[in-house]
Amino acid sequence: MSIAAEIEVEAPTADASIARAQPHFLRQAIARPSGAVCVVVILVIATACVAATWLAPYGPLEQDLLAARQGPSGAHLLGTDALGRDILSRLLFGGRVTLFGAVIAMTVFSVIGVTLGVIAGSTGGRVDRAITAAVELVQSMPGLIVLLVVLAIFGSSEPVAMVSLGILASPTLVRIVRTAAIAARAELFVTAARVAGLTARQIQQRHILPAVAGPAITQVTLFGAVAILTEAGLGVLGLGVQRPDPTWGNLVADAQDLLREHQWMLVPTGAILVVMSLALGLLGNAIRDAYSGRSLRSTQLEQTWKTMHVPMVATEPKAATPDTDALLSVRDLSVTVNDGTTVLVDAISFDVAVGESVGIVGESGCGKTMAVTAILRVTPPGSTVTAARCALEGRDLVALDERGINAVRGREIAYISQEPISSLDPSFTAGQQVVEAVRHHRGIGKAEATRVALQLFEQVHLPDPARVFASYPHELSGGMAQRVAIARALAGRPRLLIADEPTTALDVTVQAEILDLLREIRETTGMAIVLVTHDFGVLADSCDRALVMYGGRIVEDAPVRSLIYDPRHPYARALLASNPAEIPSGDRLPTIPGIVPPPDRWTVGCRFADRCPSARTDCCTTMIPMSAEDPDRRYLCIHPHLAAQLPEAVHA
Amino acid sequence: MRVVSTIGRRLLRSIPLLFTVSLVSFVLSSLRPGDTAGVILGTGATPEQKAIVTEQLGLNRPVPEQYWSWLTDAVRGDLGRSVFSNESVSGMLTNRLPATLSLALLTLIISVVTGVVLGSISAIRGGRVARALDALAFVAMSIPSFWFAAVLIVFFVVRWEMFPASGFIPFGESPWMWFKSLALPVFCLSTSAIAGLAMQMRGQMVATFQSDYIRSLRANGLPTSSILYRHVLKNSAAPVVTLSGLLVVSLIGGTVLMESIFGIAGLGTLAVEATATHNLPVIQGVVVLFTVIVIAVNLLTDLAQTALNPRVDVS
């Protein structure tokens with residue numbers, strides 16, 4: 001590991017976290033066992049070195065040729081070197097030089113890094129550009145070579161070397177502090193402070209400096225290890241403080257001269273460097289974890305490709321489920337996170353008939369996306385999917401493993417997502433991605449697949465298919481990208497398409513075109529569609545039946561016409577009433593007071609009760625059963641007649 | 001066409017950098033305390049002798065004039081002569097370059113291949129490989145390379161006599177001996193490089209797993225092998241390429257310690273020797289050569305990025 005490599009390899013992985021420093025993060029860092037041990041180790045070694053004059057059993061240059069090249073003994077705890085000098089004493093005296101050098105480098109590093117970083121980040125404009133350019137220039141130079149040039153010019157001077165090291169390494173810190181300062185500046189309270197008339201300097205001192213403290217202290221600590229190893233490296237190269245004066249580097253150099261005769265000497269001289277740099281490295285990590293509020297275990301280590309595979313666990317059905325001739329039949333589908341403690345989708349059941357178009361509506365946070373992605377088992381890692389039944393044309397999907405469900409994806413059930421451009425791989429052209437899907441699903445050669453892909457592009461009415469074929473996703477408009485995504489979904493000739501808010505991110509005119517396209521494809525191919533939306537216009541336009549979701553549950557399941565003219569559940573009524581299309585222009589938009597409760601506050605009773613104008617006390621306390629009288633529509637409300645203000649809405 | 005104009009533009013932009021670096025190091029050199037003539041002639045030299053040598057070296061001329069004559073020579077490929085041996089600096093650099101380049105490139109190839117493989121395995125499988133990688137990364141950051149090299153020498157050279165203790169054998173002379181002469185220093189240098197690259201690779205892949213397009217690919221039934229080895233790999237490669245570029249730059253400087261410990265006559269040892277003896281023309285030559293290498297590496301990195309990522313606009 002070259003010295004320069006250590007400085008530079010670290011830069012890209014260095015945490016430029018913009019998280020605001022948690023108060024007392026240093027105390028928290030020390031409260032962690034690893035942080036506490038590191039601080040103790042560093043302090044003990046540093047104190048012992050400072051107190052070397054009193055602690056060291058021998059003088060640093062005191063020779064005893066009769067006791068040369070000895071291993072550890074009572075008289076010489078860490079043995080002796082070629083001239084019989086006591087290694088422990090030399091380590092203590094040498095530590096003064098090495099640690100003092102490291103402190104010089106760290107001081108220069110932090111002063112330059114924090115000053116320039118704060119100025120660049122909080123000023124912006126020309127100053128920022130000048131500093132960034134200077135930083136890039138310094139970073140593009142090989143650090144150790146520049147250090148050698150400086151030493152050549154100024155002679156082998158230890159302080160000059162350490163000051164130069166601090167300067168050469170500071171760009172890393174400048175960048176990190178700048179990022180943190182920019183983030184802090186963007187925060188509301190700084191804007192408010194500026195409005196309140198605080199000067200730039202006051203803002204820097206009161207708001208920006210505290211925000212950059214966490215990242216800066218982390219970097220300075222980590223750089224401490226680099227500085228110690230670099231100081232030692234210069235000693236090994238014979239630069240800096242000259243032998244026989246002890247430094248930790250000179251001691252390793254002494255040991256290297258005796259590789260054949262006295263190998264023991266490598267042990268203490270290397271150990272002190274390893275212990276010190278390990279302690280600084282671990283302490284730096286502990287500080288970073290503390291200020292960024294990260295838990296003790298690294299989250300990255302736990303995430304792998306395998307954790308992306310979410311199994312579906314079979315549960316006992318809550319009610320008898322008669323076999324249906326539905327295309328897709330789902331019973332008691334649940335999605336939980338945090339080891340099952342937080343329920344995002346709560347035992348929902350629904351059917352999708354062949355060729356049917358089913359809309360799922362509800363506000364954000366009601367579990368719509370979770371529910372549909374759970375069928376395909378592409379929910380986020382860490383989630384758990386359970387179901388009593390999930391069957392496609394009578395075929396059980398619950399028991400399938402990842403390989404089994406992957407054979408269903410695309411060929412039987414395809415998927416398009418909310419953000420068309422980011423749902424396509426940015427590194428491949430639209431054509432490459434559709435061809436790949438066609439080849440895989442239809443098992444045909446490249447030339448044939450290219451022809452099919454171009455046909456699909458025409459089928460989804462892409463203008464100029466040949467040009468789109470050769471375009472990368474970022475070169476497409478949202479509407480075009482969604483057409484490409486639909487073409488890709490059609491590659492496997494699926495029986496069912498799950499469209500997760502396919503038009504939310506698009507312009508209004510493009511929305512209508514995409515919905516028309518989906519309707520047309522449905523008519524020509526007989527494919528069923530599950531369409532997630534929060535727009536009643538889309539629902540009325542494109543769907544046969546609607547599922548209204550609230551708080552992870554289906555609260556109403558009805559044909560779209562019935563739902564729009566006669567909603568039973570108060571939530572469905574409220575949603576309809578707040579549909580902008582229904583309100584005469586100029587009137588205030590009615591809204592549903594309150595917000596969707598977060599999943600950790602979902603209760604057994606009706607989750608809409610606290611926002612419901614017709615709620616009674618029993619709504620919150622009892623388990624609400626799904627209504628069963630009408631086979632064509634279901635709702636999850638025990639007082640539906642109270643909700644219905646119009647006479648025809650009162651259920652018979 | 002796009003590539004050619006990119007290269008042209010980058011090369012044009014690198015001229016000011018080269019100019020600045022050489023000027024700064026030249027001006028700094030002229031500030032050096034002490035007299036070069038005295039260093040060359042030793043302590044017994046008379047002032048007259050010193051004056052003659054100073055005159056010969058052109059050191060009594062004004063600094064801008066000295067720089068101008070150095071620059072005009074340098075453009076023609078003449079980087080001056082060593083103060084002591086009177087050897088041509090460009091000749092010295094040519095002699096020393098193969099060893100350093102072998103060391104740096106072999107380390108790069110081994111580190112990139114191993115780092116990418118280890119990083120990918122730990123991102124895909126996790127488990128033991130991932131934990132081992134974590135440990136390796138941590139230890140590699142904390143073990144000084146010069147000390148690690150000494151430990152390797154104790155075992156592989158002194159005790160088991162598997163490798164030569166020092167020296168560099170050119171590839172043309174004997175590929176096997178070439179490899180043997182580089183094995184230990186390359187091993188030392190690659191340890192931390194592998195750790196850095198593997199961590200970067202893993203972090204990038206895990207981030208890519210979470211992306212919208214990977215979810216869409218999975219949801220549309222693309223085979224795992226294609227998702228991982230076509231889509232995830234290509235999208236995770238860009239930061240690793242950047243890191244590899246930085247690695248080359250730092251390796252070319254960082255081989256100094258290994259060259260010195262393993263007795264390899266490379267650019268690094270040349271720089272150290274020149275440093276210790278205040279041989280400024282040589283230092284100046286080394287600096288210019290390193291700057292050229294850094295520019296070339298950055299150019300290659302950018303070209304690789306363009307090939308990998310269609311969104312990168314190099315201008």
Side-chain angles (χ1 to χ4, degrees), chain A residues 1-5 8-9 12-13 140 142-145 148-149 151-153 225 229 232-233 236-237 239 252 255-256 259-260 263 266 270 273-274 277-278 281 300-301 303-306 308 376 378 406 409-411 414-415 417 419 422-427 436-437 440 472 474 488-489 492, chain B residues 25 28-29 32 123-126 130 134 140-147 150-151 153-154 158 189 191-193 196 199-200 203 206 209 212-213 215-216 218-223 231 234-235 239 243 246 249-254 256-257 260 271-272 274-275 278 283 287 290 294 309-311:
Chain A
M1 79 211 60
S2 71
I3 289 161
E8 288 169 39
V9 162
T13 49
S140 70
L144 201 57
I145 293 299
L148 290 181
V149 174
L151 284 174
I153 294 164
L229 295 186
V236 169
L237 288 173
L239 307 167
V252 175
Q256 279 173 345
L259 285 186
R260 287 175 194 279
Q263 292 163 355
L266 269 180
L273 289 169
V274 173
S277 52
L278 258 182
Q300 195 192 49
L301 186 61
Q303 279 181 9
T304 64
W305 179 249
K306 279 192 172 165
M308 304 291 294
L376 289 166
V378 289
N406 209 36
R409 296 177 188 144
R411 277 182 218 199
Y415 172 84
S417 83
E419 296 287 342
S422 63
S423 80
L424 299 171
D425 186 333
S427 304
E436 188 190 5
H440 175 66
Y472 285 96
H474 71 279
R488 180 175 64 182
Chain B
S25 62
L28 283 178
S29 318
R32 185 177 74 82
I124 294 169
R125 296 242 193 99
D134 261 15
M141 293 303 267
S142 316
I143 293 186
S145 61
F146 48 84
W147 180 78
V151 173
I153 290 176
V154 164
V158 176
L189 286 171
T191 324
S192 75
M199 297 293 273
Q200 177 83 17
V206 168
F209 290 162
D212 201 5
Y213 55 87
R215 184 178 65 168
S216 288
R218 290 183 63 219
N220 283 302
L222 272 299
H231 297 277
K234 191 168 179 192
N235 282 290
L243 186 57
L246 283 173
V249 172
S250 68
L251 272 179
I252 284 172
V256 175
L257 277 163
S260 142
V272 173
T275 305
H278 304 276
I283 291 272
V287 168
F290 274 124
V294 168
N309 187 344
R311 282 169 301 181

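Just so we're clear, the structure is a prediction, and the values are computed from it rather than from any experiment. Numbered from 1 within each chain, the chains take letters A, B, ... in sequence-line order.
Across B/Phe146 and A/Gln256, no two heavy atoms sit closer than the pair O-NE2, 2.8 Å. Minimum interatomic distance between A/Ser423 and B/Asp212 (heavy atoms only, all atoms of both residues): N-OD2, 4.0 Å. Here the shortest heavy-atom pairing between A/Lys306 and B/Arg125 reads CD-O, 4.3 Å. Heavy atoms only, all atoms of each residue included: B/Ala219 and A/Arg409 are closest at O-CB, 3.4 Å.
Formation of a donor-acceptor pair under 3.5 Å by the B/Lys234 side chain with backbone atoms of A/Ser427 is found in this model. Side-chain atoms of B/Asn220 never come within 3.5 Å of backbone atoms of A/Gly410 as a donor-acceptor pair (strictly under, hydrogens ignored). Checked by atom type and distance alone, the side chain of A/Trp305 never pairs as donor or acceptor with a backbone atom of B/Phe209 at under 3.5 Å.
Highest contact tally toward chain A, considering only B/Ala271, B/Ser260, B/Pro223, is held by B/Pro223 [criterion: heavy-atom pairs under 4.5 Å]. For the set A/Leu266, A/Val274, A/Val252, the entry with the most heavy-atom pairs within less than 4.5 Å of chain B is A/Leu266.
Atom CE of A/Met308 and atom CD1 of B/Ile124 lie 12.0 Å apart (nearest 0.5 Å). Separating the CG atom in A/Asn406 from the CG atom in B/Leu222 is a distance of 8.0 Å, to the nearest 0.5 Å. The line from OG of B/Ser142 to CG of A/Leu229 is 7.5 Å long, rounded to the nearest 0.5 Å.
Between B/Tyr213 and A/Ser422 there is no side-chain heavy-atom pair separated by less than 4.5 Å.
The contact between A/Val378 and chain B is made by backbone and side chain atoms together, counting heavy-atom distances below 4.5 Å. Using a 4.5 Å cut-off between heavy atoms, A/Arg260 touches chain B through backbone and side chain atoms alike. Within the 4.5 angstrom heavy-atom criterion, only side-chain atoms of A/Leu376, from C-beta onward, approach chain B. For A/Ala255, no part lies under 4.5 angstrom from a heavy atom of chain B. Both the backbone and the side chain of B/Ala150 have a heavy atom closer than 4.5 Å to some heavy atom of chain A. For a residue to count as touching a neighbouring chain, one of its non-hydrogen atoms must lie under 4.5 Å from one of that chain's; by this rule A/Glu419 touches chain B with backbone and side chain alike.
Legend: residues meeting side chain to side chain contact (heavy atoms under 4.5 Å, CB included) with B/Ala274, ordered by chain and number and at least two apart, are B/Asn279, B/Val282, B/Ile283. By the ring-ring contact (aromatic ring centres under 6.0 Å, His included) test, A/His440 is found to be paired with no residue, residues two or more places apart in sequence or in another chain being considered.
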Begin with the C-alpha distance, continue with both residues' side-chain angles, and end with the deciding distance and a verdict on side-chain contact (heavy atoms from CB on, under 4.5 Å) for B/Val158 and A/Gln263. CA-CA 10 Å; B/Val158 176; A/Gln263 292 163 355; 3.6 Å; yes
